[in-house]
Chemist: 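Starting off with a structure, shown below.
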Amino acid sequence: MNLRAVKGMNDFLPTDARQARRVEEAFRRTMERAGFGEVRTPLVEPTALFVRTIGEGTDVVDKEMYSFTRHDEGLTIRPEGTAGAARAYIEHKVHAAETVTKWFYTGAMFRAERPQRGRYRQFHQVGGEIYGDPGPACDAELIALVVEFLADLGIGDAVVHVNSLGGPEARARYRQVLVDYLTPHAEKLSADSQRRLASNPLRILDSKAKEDQEWIASAPRISDVLEGEDLAHFEGLKKHLAALGVAYVHDTQLVRGLDYYGRTLFEVKAAKEILGAGSTVVGGGRYDTMIGDLGGPATPAIGFAAGLERLVLALGEQKAEESLLPVYVCALGESAVSPALVIGRDLRRAGVACEVDGRGQSLKSQLRRANARGARIALVVGEGELARGVVQLKDLAAHEQVDVASAELLASVHARLAKATP
RNA sequence: GUGGCCGUAGCUCAGUAGGUAGAGCGCUGGAUUGUGGCUCCAGCUGUCGCGGGUUCAAGCCCCGUCGGUCACCCCA
């Protein structure tokens, strides 16, 4: 076959889909318990929305977006979730209906990067946003929520990294300090970092090149230039995190790529080396100016996003859950197929999950399949049974089999399923 | 966009100095005229990624190409 999935876009066959759903369900549970409502926004948004929020000069906007023009309208398949949610928040004037809004979302995002482990062109994120609460308690609670979510999933050993970029002024000030510090040494920096010096100097702090390390280590820190309310905000955050018992590290080199962040910044890294470099599973931060910049009422906001594929990697091999298919109905002989179909339908109507085998193959083959499917009970419907008005109920776990009158079948199946597996 | 590694059965892989393909798993059937998981027996599936070249002969060597993967950049 010469038709293949698009590079970097993957199929989730049932085994993978089950893992994904597990993550999504844990996420939904955690968020709804904390008062977040789900928001579903379109996959496609005006290109300008992402250019203005994420920022020109970022890789995401400059070379990774799936953009196209339709009827003279520039459109982009969303590369992340925050911008669309912010757009919806403004468009529906949600701020007028309530002062604080908490939303979560799940869904596919698209970035035309070169695929690699834990990074795909179509990937999936779960994320949350809080609008209208400027305080550090809000930040701390959101971070704690992320930790709860991970713990619920069984990822209890992840490490939270926090940092503060300060507000726009502090960030600009620090950027200048950093540029002034690094410029004299520019030719000693890695080629990538020399480029970053002009485009995005903060990201030099994130460099993995060995020749950059000594400069990074002795570079001025963002926290050194924080003052006033920015400083108080960060101190408040740390205090609340400590009270919540959230283990975190103040990572002075933590910088995130998207332009809209200010003040609180955080990342959660998996303890396990699931990715080659870093193992960031969750990223987030405060973006107090975005809503206003987009033309909405000045509204502080904070959010985070977690990569579903990376969470699944972090989960690793965890035991598969119990069978979803307790009953397998075997039809023996052509005349038994219709009755077997009826039995299957009636079981499902009564809430019992079951599968009917009407392939007409040998009983051995059908039972093999019943076993392979993980069924607890096999019901054998054959000509002999039909003539006697019974169905053979075979408990595959207990190795017992009994004939059950058709009228009592449902009750017997329920009784069997209620028994503990031997 | 750059670099490394890899493309042989549905899956995981073996294939020795070039002599035109194998194992395990899985699947199907049988041992048990209609009784699973264990065991035993038998059987099925391949454009050896694709194209060209060298050679009497290429899965193996050479060139190209496509695909996958990992890493860098960047990011969830």
Side-chain angles (χ1 to χ4, degrees), chain A residues 1-2 4-8 10 13 15 23 54 57-65 79-82 106-127 146 190-193 195-196 199-200 203-204 206-209 255-258 266-270 274-285 303-314 328 330-333 336 357 359-386 392-401:
Chain A
M1 186 179 74
N2 50 11
R4 310 168 47 89
V6 173
K7 188 187 191 72
N10 306 119
L13 299 187
T15 304
V23 170
I54 300 170
T58 59
D59 277 17
V60 170
V61 167
D62 289 353
K63 47 188 209 201
E64 295 171 0
M65 295 205 302
E80 55 102 51
T82 295
T106 71
M109 308 293 163
F110 300 81
R111 292 182 200 171
E113 302 172 275
R114 187 85 177 255
Q116 99 187 232
R117 174 164 248 240
R119 200 246 295 289
Y120 306 101
R121 291 186 170 180
Q122 175 178 334
F123 60 107
H124 300 80
Q125 289 188 326
V126 301
V146 170
S190 65
D192 284 329
S193 288
R195 185 170 46 69
R196 292 186 188 113
S199 63
N200 196 346
R203 291 215 62 92
I204 295 175
D206 238 5
S207 171
K208 287 155 207 96
V255 168
R256 312 205 73 261
L258 310 186
F266 66 96
E267 246 178 40
V268 183
K269 293 174 192 286
I274 56 169
L275 304 171
S279 286
T280 303
V281 150
V282 184
F304 73 91
L308 185 137
E309 287 83 356
R310 293 186 181 186
L311 290 172
V312 169
L313 282 176
Y328 195 87
C330 305
L332 274 180
D357 192 332
R359 299 176 299 165
Q361 294 199 291
S362 72
L363 179 60
K364 177 205 289 280
S365 162
Q366 297 191 50
L367 286 174
R368 254 184 208 159
R369 188 169 152 82
N371 192 64
R373 302 287 286 164
R376 167 76 189 278
I377 290 173
L379 296 178
V380 180
V381 184
E383 274 131 19
E385 284 79 5
L386 288 172
Q392 184 184 104
L393 188 161
K394 191 172 169 61
D395 187 326
L396 294 170
H399 306 276
E400 294 168 4
Q401 59 187 62

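Since we're looking at a predicted model, the values are computed, not measured. Throughout, protein chains are lettered first and strands after them, A, B, ... in sequence-line order, and every chain is numbered starting at 1.
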Chemist: If you check every side-chain atom of A:L363, which of B:G29, B:U35, B:A76 has the closest atom?
Modeler: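 Nearest listed nucleotide: B:U35.
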Chemist: For B:C61, give its Watson-Crick or G-U wobble partner with both distances under 3.5 Å, or none.
Modeler: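 Result: B:G53.
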Chemist: Once you apply the 3.5 Å cut-off to both distances, tell me the Watson-Crick or G-U wobble partner of B:A9, or none.
Modeler: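 WC or wobble partner does not exist here.
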Chemist: B:U69 C1' sits how many Å from A:R121 CZ, rounded?
Modeler: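 Going from A:R121 (CZ) to B:U69 (C1'), I get 14 Å.
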Chemist: State the pairing partner of B:G3; accept Watson-Crick or G-U wobble contacts with both distances under 3.5 Å, and report none otherwise.
Modeler: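 Across all strands, the one nucleotide that pairs with B:G3 is B:C70.
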Chemist: Strictly distance-based, threshold 3.5 Å: is any side-chain N or O of A:Q366 a donor or acceptor partner for the main-chain N or O of A:Q361?
Modeler: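 Yes, the answer is positive, given that a donor and an acceptor are paired below the 3.5 Å cut-off.
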Chemist: Look at A:Q361 and B:G29 and indicate whether a side-chain polar atom (N or O) is within less than 4.0 Å of OP1 or OP2.
Modeler: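 Result: yes.
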Chemist: A:D59 CG to B:G1 P: how many Å, rounded?
Modeler: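 It is 14 Å, rounded to the nearest whole Å.
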Chemist: Between B:C66 and B:U47, how many Å separate the two C1' atoms, rounded to a whole number?
Modeler: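 Pairwise C1' distance, B:C66 against B:U47, rounds to 16 Å.
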Chemist: Between A:L308 and A:A372, who's closer to the 5' end of RNA chain B by nearest nucleotide?
Modeler: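 Result: A:A372.
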Chemist: Scan A:G384 against the nucleic acid and name what it touches under 4.0 Å (heavy atoms): base, sugar-phosphate only, or nothing.
Modeler: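 Base contact - A:G384 has a heavy atom under 4.0 Å of at least one base atom.
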Chemist: With C1' as the reference atom in both, quote the distance from B:G18 to B:C61 in angstrom, rounded to an integer.
Modeler: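 8 Å, rounded to whole Å.
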Chemist: Provide the distance between the two P atoms, one in B:C5 and one in B:C62, to the nearest whole Å.
Modeler: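 13 Å, rounded to whole Å.
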Chemist: Can you give me the closest heavy-atom contact between A:A306 and A:L311, atom names plus distance?
Modeler: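 Where A:A306 meets A:L311 most closely, the heavy atoms are CB-CD1, 4.0 Å.
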Chemist: A:G283 or A:S365: which one's nearest nucleotide on RNA chain B is closer to the 5' end?
Modeler: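 Its nearest nucleotide being more 5', the pick is A:S365.
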Chemist: With a 4.0 Å cutoff (strictly under), does any side-chain N or O of A:Q116 reach OP1 or OP2 of B:C72?
Modeler: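 Yes.
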Chemist: Just checking A:Y120: base, sugar-phosphate only, or nothing, at a heavy-atom cut-off of under 4.0 Å?
Modeler: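 Base, at least one base heavy atom under 4.0 Å.
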Chemist: With both distances under 3.5 Å as the test, what is the Watson-Crick or G-U wobble partner of B:U33?
Modeler: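 Pairing partner: none.
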Chemist: Closer than 3.5 angstrom, by distance alone: can the side chain of A:E309 be matched with the main-chain N or O of A:H124 as a donor-acceptor pair?
Modeler: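 At least one qualifying donor-acceptor pair exists.
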Chemist: For A:K63 and B:C72, what is the distance between atoms NZ and P respectively, to the nearest whole Å?
Modeler: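 The answer, rounded to whole Å, is 14 Å.
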Chemist: Taking the same atom, P, in B:G52 and in B:G15, what whole-Å distance lies between them?
Modeler: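 About 28 Å, rounded to a whole number of Å.
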Chemist: Provide the distance between the two C1' atoms, one in B:G49 and one in B:A42, to the nearest whole Å.
Modeler: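 Here B:G49 and B:A42 have their C1' atoms 33 Å from each other.
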Chemist: For A:R359 versus A:S365, what's the shortest heavy-atom pair and its separation?
Modeler: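 Here A:R359 and A:S365 meet closest at NH2-OG, 3.3 Å.
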Chemist: Can you find a pair of side-chain heavy atoms, one from A:K394 and one from A:L367, that are under 4.5 Å apart?
Modeler: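 When only atoms from C-beta onward are counted, A:L367 and A:K394 do touch, with a gap below 4.5 Å.
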Chemist: For nucleotides B:G59 and B:U20, find the distance between their P atoms and express it as a whole number of Å.
Modeler: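 Pairwise P distance, B:G59 against B:U20, rounds to 9 Å.
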Chemist: Where is the tightest heavy-atom contact between A:A336 and A:L386, given as atom of each residue plus distance?
Modeler: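 For A:A336 versus A:L386, the nearest heavy atoms are CA-CD1, 3.8 Å.
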Chemist: For the base of B:U35, is there a side-chain donor-acceptor partner from A:Q392 under 3.5 Å away?
Modeler: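 In this structure, the two groups form a donor-acceptor pair.
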Chemist: Strictly below 4.0 Å: does A:S362 bring a side-chain N or O up to OP1 or OP2 of B:U35?
Modeler: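 For B:U35, OP1/OP2 do not have a side-chain N/O of A:S362 under 4.0 Å.
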Chemist: State, with a plain yes or no, whether a side-chain heavy atom of A:R376 is found less than 4.5 Å away from one of A:D395.
Modeler: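 With C-beta onward as the side chain, the pair touches.
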Chemist: From B:G36, B:U28, B:A76, pick the nucleotide closest to the side chain of A:L367?
Modeler: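 Closest nucleotide among those given: B:G36.
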Chemist: Between C1' on B:G29 and CZ on A:R359, what's the gap in Å once rounded to a whole number?
Modeler: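 The answer, rounded to whole Å, is 13 Å.
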Chemist: Over all heavy atoms of both residues, which pair between A:E383 and A:G333 is shortest? Give the atoms and the distance, please.
Modeler: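 Of all heavy-atom pairs spanning A:E383 and A:G333, the closest is OE2-CA, 3.8 Å.
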Chemist: May I ask you to verify whether the side chain of A:R114 and the base of B:U2 hold a donor-acceptor pair under 3.5 Å?
Modeler: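 Result: at least one qualifying N/O pair found.
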Chemist: Could you tell me whether a side-chain N or O of A:R310 sits under 3.5 Å from a main-chain N or O of A:V281, the two making a donor and an acceptor?
Modeler: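 Side chain of A:R310 to backbone of A:V281: no pair is present.
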Chemist: If we take the C1' atom in both B:G46 and B:A21, what is their distance in whole Å?
Modeler: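 Per the computed distance, 9 Å lies between those C1' atoms.
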Chemist: Is any N or O donor-acceptor pair between the side chain of A:K394 and the base of B:U35 shorter than 3.5 Å?
Modeler: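 Counting by modelled atom types and ignoring angles, a donor-acceptor contact under 3.5 Å is found here.
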Chemist: Any N or O donor-acceptor pair under 3.5 Å from the base of B:A71 to the side chain of A:R117?
Modeler: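 In this structure, the two groups form no donor-acceptor pair.
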Chemist: Determine the interatomic distance between C1' on B:G22 and the same-named atom on B:C60; round to the nearest Å.
Modeler: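 Nearest-Å result for B:G22 against B:C60 at atom C1': 15 Å.
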Chemist: Round to the nearest Å and state the distance from A:D357 atom CG to B:G36 atom P.
Modeler: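 Taking atom P of B:G36 as the reference, CG of A:D357 is at 15 Å.
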Chemist: A:R368 has an atom CZ; how far is it from atom P of B:G26, in whole Å?
Modeler: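 To the nearest whole Å, that distance equals 11 Å.
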Chemist: B:G34 base to A:E385 side chain: any donor-acceptor pair below 3.5 Å?
Modeler: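 In this structure, the two groups form a donor-acceptor pair.
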Chemist: Tabulate protein N/O versus nucleotide N/O from nucleotides 41-50 of chain B, keeping only pairs under 3.5 Å, one per line.
Modeler:
none

Chemist: Could you work out which one of B:C72, B:A76, B:U35 sits closest to the side chain of A:K364?
Modeler: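 When the side chain of A:K364 is considered, B:U35 is the closest of B:C72, B:A76, B:U35.
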Chemist: Do A:E80 and A:V60 have side-chain heavy atoms sitting under 4.5 Å apart?
Modeler: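 They are not in contact (no side-chain heavy atoms under 4.5 Å apart), so the answer is no.
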Chemist: Which part of the nucleic acid, if any, lies within reach of A:V282 when heavy atoms closer than 4.0 Å are counted: base, sugar-phosphate only, or nothing?
Modeler: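 Counting heavy atoms under 4.0 Å across all strands, the contact made by A:V282 is with sugar-phosphate only.
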Chemist: With both distances under 3.5 angstrom, what nucleotide forms a Watson-Crick or G-U wobble pair with B:U28?
Modeler: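 Checking every strand shown, B:U28 finds its partner in B:A42, with both distances under 3.5 Å.
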Chemist: Can you see which heavy atom on A:E267 is nearest to which on A:T280, and at what distance?
Modeler: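 Taking every non-hydrogen atom into account, OE1-OG1, 3.2 Å.
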Chemist: Nearest to the A:L332 side chain among B:G34, B:A71, B:G36, which nucleotide is it?
Modeler: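 Closest nucleotide to the A:L332 side chain: B:G34.
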Chemist: Counting only Watson-Crick pairs (N1-N3 plus N6-O4 or O6-N4) and G-U wobbles (N1-O2, O6-N3), all under 3.5 Å, who is the partner of B:U20?
Modeler: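 By the stated definition (distances under 3.5 Å), nothing pairs with B:U20.
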Chemist: Let me know the distance between CG of A:L13 and P of B:G10, rounded to the nearest Å.
Modeler: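 The answer, rounded to whole Å, is 16 Å.
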Chemist: From CG of A:L393 over to C1' of B:U35, roughly how many Å is that when rounded to an integer?
Modeler: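 In whole Å, B:U35 C1' and A:L393 CG are 13 Å from each other.
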Chemist: Using a cut-off of 4.0 Å on non-hydrogen atoms, how would the nucleic acid contact of A:Q401 be classed: base, sugar-phosphate, or nothing?
Modeler: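 Base, at least one base heavy atom under 4.0 Å.
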